[in-house]
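These notes are about the structure you will find just below.
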Amino acid sequence: MFGISFLIALMIYGSDSNQLKKPHIVLLIADDLGWNDVGFHGSNEIPTPNIDALAYNGVILNRHYTQNFCTPSRAALLTGKYPIRMGMQGLPFGNGHPVCLPPNEILLPQFLKKLGYVTRLIGKWHLGFYKKECTPTERGFDSFFGFYGGWVRYNDSVSKMGFSSGIDARNNFEPAGERFRGKYNTDVFTEEAVQVIRDHDITKPLFLDLSYAAVHAIWKDRLQVKNFEENEKKFAYIKDPNRRLFAGVLTALDNSVGEVIRVLDEKRMLNESIILFISDNGGETESGFFQNHASNWPLRGLKGFIFEGAVRGVAALWSPFTLHGFVLTNLMHLTDWLPTLLAAAGLVTRLWCSLSRGESSSSKLQLLFRVLSFRPK
Ligand SMILES: *[C@@H]1O[C@H](CO)[C@@H](O)[C@H](O)[C@H]1NC(C)=O
Ligand SMILES: *[C@@H]1O[C@H](CO)[C@@H](O)[C@H](O)[C@H]1NC(C)=O
């Protein structure tokens, strides 16, 4: 899977590639969203009109596979490698664990920076932060506003995970807890994204990785829902009170997706954007590691397991440059995005030249490093 799109990417690379206009790339990542939580999979329980509009007007990725947990999924997405090749398989990192995505891995934003992109991460990182060189701004992101760990509370950005607890909120390296005070965290990330888009110099391509805390565990807690009373009325038809809370968390996420797209349009960037909406892994349901109230029906299993409910993720792509109203049934995996997005960003090479220069025996990534003249550490 990695191979095919990668070869396509390499095949069309030329020294003239810089003249091609590079699309803005916006990743919208939901945390633990279930297969059956979005309208475009047929669910009529919780409306997700903005996510659906993206999917129905774009390409629904019907067999998009992830890892079964967050840290491995995000490692796969940003490196284009299977997590087990980097020791990133298994359970997600706890806060305070002296582990991180190996610093010698070269990440998607690093590649994109080489291609002239401005790179921004807003929201969740969860690839380790025990030393500075592990953190997002040292790993290819020009800026970071969000949280380092696996989850934060929606109402105050507090996390209690692993060996530590406290406010997990950063603006680059500075503590940013006050930005979240009295605000709903999905909205704070959206506000930041709106600012980033409005301030963007449109002569440069933007890579915006907007990785929400939603719809991770809500602990059966009404404080985790925006406008609880209103939400109770709106979703009164949902019998399970915890699923009602979940509906509120998901609605805030869906509204945010709509807002980001509206502002991209307002800034006249939408017509040159690729927008990818994905969940990092399957939904967390009534049991499991962080009990929540997502639904993966009709898929079996949930986050952390090995059935499709854990690894067949919600995914859709919208761009003026791709098909519209199309359901892609090809098997895909998170590792496909690095080469695919780099191809979209104009990283294209004449494979034949590489082959004829005797580079066919190099690993595909080595070839890519050469093309972008990276020197692996
Ligand atoms: C956020 O919610 C938690 C859990 O319900 C609660 O203990 C905490 O006081 C709330 N924080 C704020 C700032 O309201
Ligand atoms: C997108 O819209 C802007 C402003 O309206 C325009 O200058 C630009 O050429 C458009 N891009 C494409 C690819 O159509």
Side-chain angles (χ1 to χ4, degrees), residues 16-26 31 54 57-59 95 115-118 124 146-147 149-161 164-170 175-189 191 197-208 212-232 241-249 252-253 260-276 284 290-293 317-324 341 343-346 348:
D16 53 352
S17 66
N18 284 342
Q19 287 152 19
L20 297 172
K21 180 110 189 167
K22 293 173 172 47
H24 307 294
I25 298 172
V26 180
D31 199 354
L54 204 71
N57 292 296
V59 183
N95 291 346
L115 293 168
Y117 278 73
V118 174
K124 176 165 166 172
F147 55 107
W151 60 271
V152 284
R153 287 196 307 230
Y154 297 91
N155 63 328
D156 55 10
S157 220
V158 166
S159 179
K160 290 181 182 168
M161 195 185 179
S164 68
S165 74
I167 295 173
D168 183 356
R170 298 270 160 180
E178 74 289 348
R179 284 274 303 272
F180 293 85
R181 194 167 297 142
K183 288 189 170 169
Y184 193 66
N185 103 350
T186 302
D187 293 344
V188 179
F189 295 136
E191 276 166 26
I197 294 166
R198 290 206 171 124
D199 292 347
H200 184 68
D201 169 3
I202 54 164
T203 62
K204 295 188 180 130
L206 171 67
F207 172 56
L208 173 59
Y212 284 99
V215 294
H216 197 275
I218 51 179
W219 317 111
K220 304 187 178 198
D221 175 14
R222 63 171 66 189
L223 290 177
Q224 304 309 310
V225 180
K226 190 181 168 184
N227 306 331
F228 170 76
E229 300 298 341
E230 210 176 284
N231 192 68
E232 285 294 287
N242 295 315
R243 181 77 175 162
R244 277 205 297 281
L245 298 179
F246 182 90
V249 175
L253 174 68
V260 168
I261 290 165
R262 194 187 63 71
V263 174
L264 283 170
D265 189 30
E266 178 190 287
K267 178 82 180 182
R268 304 254 182 273
M269 286 166 67
L270 188 63
N271 67 338
E272 295 177 347
S273 294
I274 295 172
I275 300 172
L276 174 65
E284 189 67 277
F290 282 96
Q291 185 193 47
N292 202 10
H293 310 280
L317 179 105
W318 181 90
S319 172
F321 311 122
T322 56
L323 297 168
H324 299 278
L341 294 173
V348 277

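Note that this is a predicted model, so its numbers are computed, not measured. Counting from 1, the numbers follow the sequence of the chain as shown. Whatever order the structure lists ligands and atoms in, that order sets their numbers, starting from 1.
Contact atoms of ligand 1 toward Asp221: 2 (O), 4 (C), 5 (O) (distance under 4.0 Å to a heavy atom of the residue). Close contacts of ligand 1 with Arg153, meaning ligand atoms under 4.0 Å from a residue heavy atom, involve 1 (C), 2 (O), 3 (C), 8 (C). Atoms of ligand 1 found under 4.0 Å from any heavy atom of Asn155, numbered from 1 in the order shown, are 1 (C), 2 (O), 3 (C), 8 (C), 10 (C), 11 (N), 12 (C), 14 (O).
For Asp221, the side chain to side chain donor-acceptor pair (under 3.5 Å) test picks out Gln224, with sequence neighbours left out. Checked against ring-ring contact (aromatic ring centres under 6.0 Å, His included), Phe207 has no partners two or more places apart in sequence or in another chain. In this structure Asp199 satisfies the side-chain contact (heavy atoms from CB on, under 4.5 Å) test together with Gln195, sequence neighbours excluded.
In this structure, Arg222 does not count as a contact residue of ligand 1, since none of its heavy atoms falls inside 4.0 Å of the ligand.
In Arg179, the CZ atom is crowded: over 12 heavy atoms of neighbouring residues, nucleotides or ligands sit closer than 6.0 Å. By the 6.0 Å contact criterion, CZ on Arg262 is enclosed, its count of non-hydrogen atoms from other residues, nucleotides or ligands being greater than 12.
In this structure, the side chains of Tyr212 and Lys124 stay at 4.5 Å or more apart for every pair of heavy atoms.
Protein residues are said to neighbour a ligand when one of their heavy atoms lies under 4.0 Å from it; for ligand 2 these are Arg268, Asn271, Glu272.
The nearest pair of heavy atoms linking Asp31 to Gly150 is OD2-O, 3.8 Å.
Looking at Arg181 against ligand 1, nothing comes within 4.0 Å, counting heavy atoms.
Taking the six-membered ring wherever Trp is involved, the centroid distance between the rings of Phe180 and Phe189 falls below 6.0 Å.
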